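Predicted model, so just to flag it, every value in this text is computed and none were measured. Only heavy atoms go into these numbers, but all of them, side chains included; no hydrogens, no water, no symmetry mates.
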Amino acid sequence: MKSSLLVISLTTICAFIGTYFMKLTADNAEQYLALVAVVFADGFLGVWAGTKTEGFQTRKALKVIQTLIVWVVMLTCILMIEIGFKGTSWLSETVMAPFIVFQLMSALKNANRAGLIQNELLTMLLNKNLNQHKEV
């Protein structure tokens, strides 16, 4: 009797949590998809550029997944705060928009480093230490 009550309780809790996050993700699918697309675009182009300059490095390629997980968790936390506190609907735009812009700029720089975009103005702008952790 006690074990079945425990199983039912755990199942109910897991169902509640799963349903909550499923609804949160479905209601904000565009934000999650934009985040995933930008991180993977930057990561793919970064790996391509890195392969041309220093060879493929698994550690750097796996960093794309780490970055994605961290930012998906951040977006989830931000959206939960927005739902919980009615005056904070601006939070996801304020936090996520700069990240998206910097990831897009990083993707442009990686495309330039990979030789996919040849534009002198872009090269000049991107060489202004936008990504100090990358080689120019």
Would you say the side-chain atoms of [X] pair up with the backbone N or O of [Y], donor to acceptor, closer than 3.5 Å?
| X | Y | value |
| --- | --- | --- |
| T51 | V47 | yes |
| T88 | I81 | yes |
| N28 | L24 | yes |
| Q103 | D42 | no |

Could you grab the distance from atom [atom1] of [X] to atom [atom2] of [Y], nearest 0.5 Å is fine?
| X | Y | atom1 | atom2 | value |
| --- | --- | --- | --- | --- |
| N112 | L45 | CG | CG | 11.0 Å |
| E82 | E93 | CD | CD | 6.0 Å |
| L10 | C14 | CG | SG | 6.5 Å |
| K109 | L104 | NZ | CG | 15.0 Å |
| L68 | L35 | CG | CG | 6.0 Å |
| F85 | M80 | CZ | CE | 10.5 Å |

| note | Closest non-hydrogen atoms of K52 and A114, given as atom of the first, atom of the second and distance, are NZ-O, 2.8 Å
| Nearest heavy atoms of K23 and D27, plus distance in Å | NZ-OD2, 2.6 Å
| Between V39 and F99, does a side-chain contact (heavy atoms from CB on, under 4.5 Å) hold up when you go through it step by step? | CA-CA 10 Å; V39 169; F99 169 73; 3.9 Å; yes
| remark: Contacts satisfying ring-ring contact (aromatic ring centres under 6.0 Å, His included) that involve residues 14-48 (not counting sequence neighbours) are F44-W48
Same apolar cluster (I L V M F W Y, side chains within < 4.5 Å links), [X]/[Y]:
| X | Y | answer |
| --- | --- | --- |
| V36 | M74 | yes |
| I100 | M105 | no |
| W71 | F102 | no |
| V73 | I17 | no |

| Pick one: which of L91, L75, L79, V101 meets side chain to side chain contact (heavy atoms under 4.5 Å, CB included) with M96? | L75
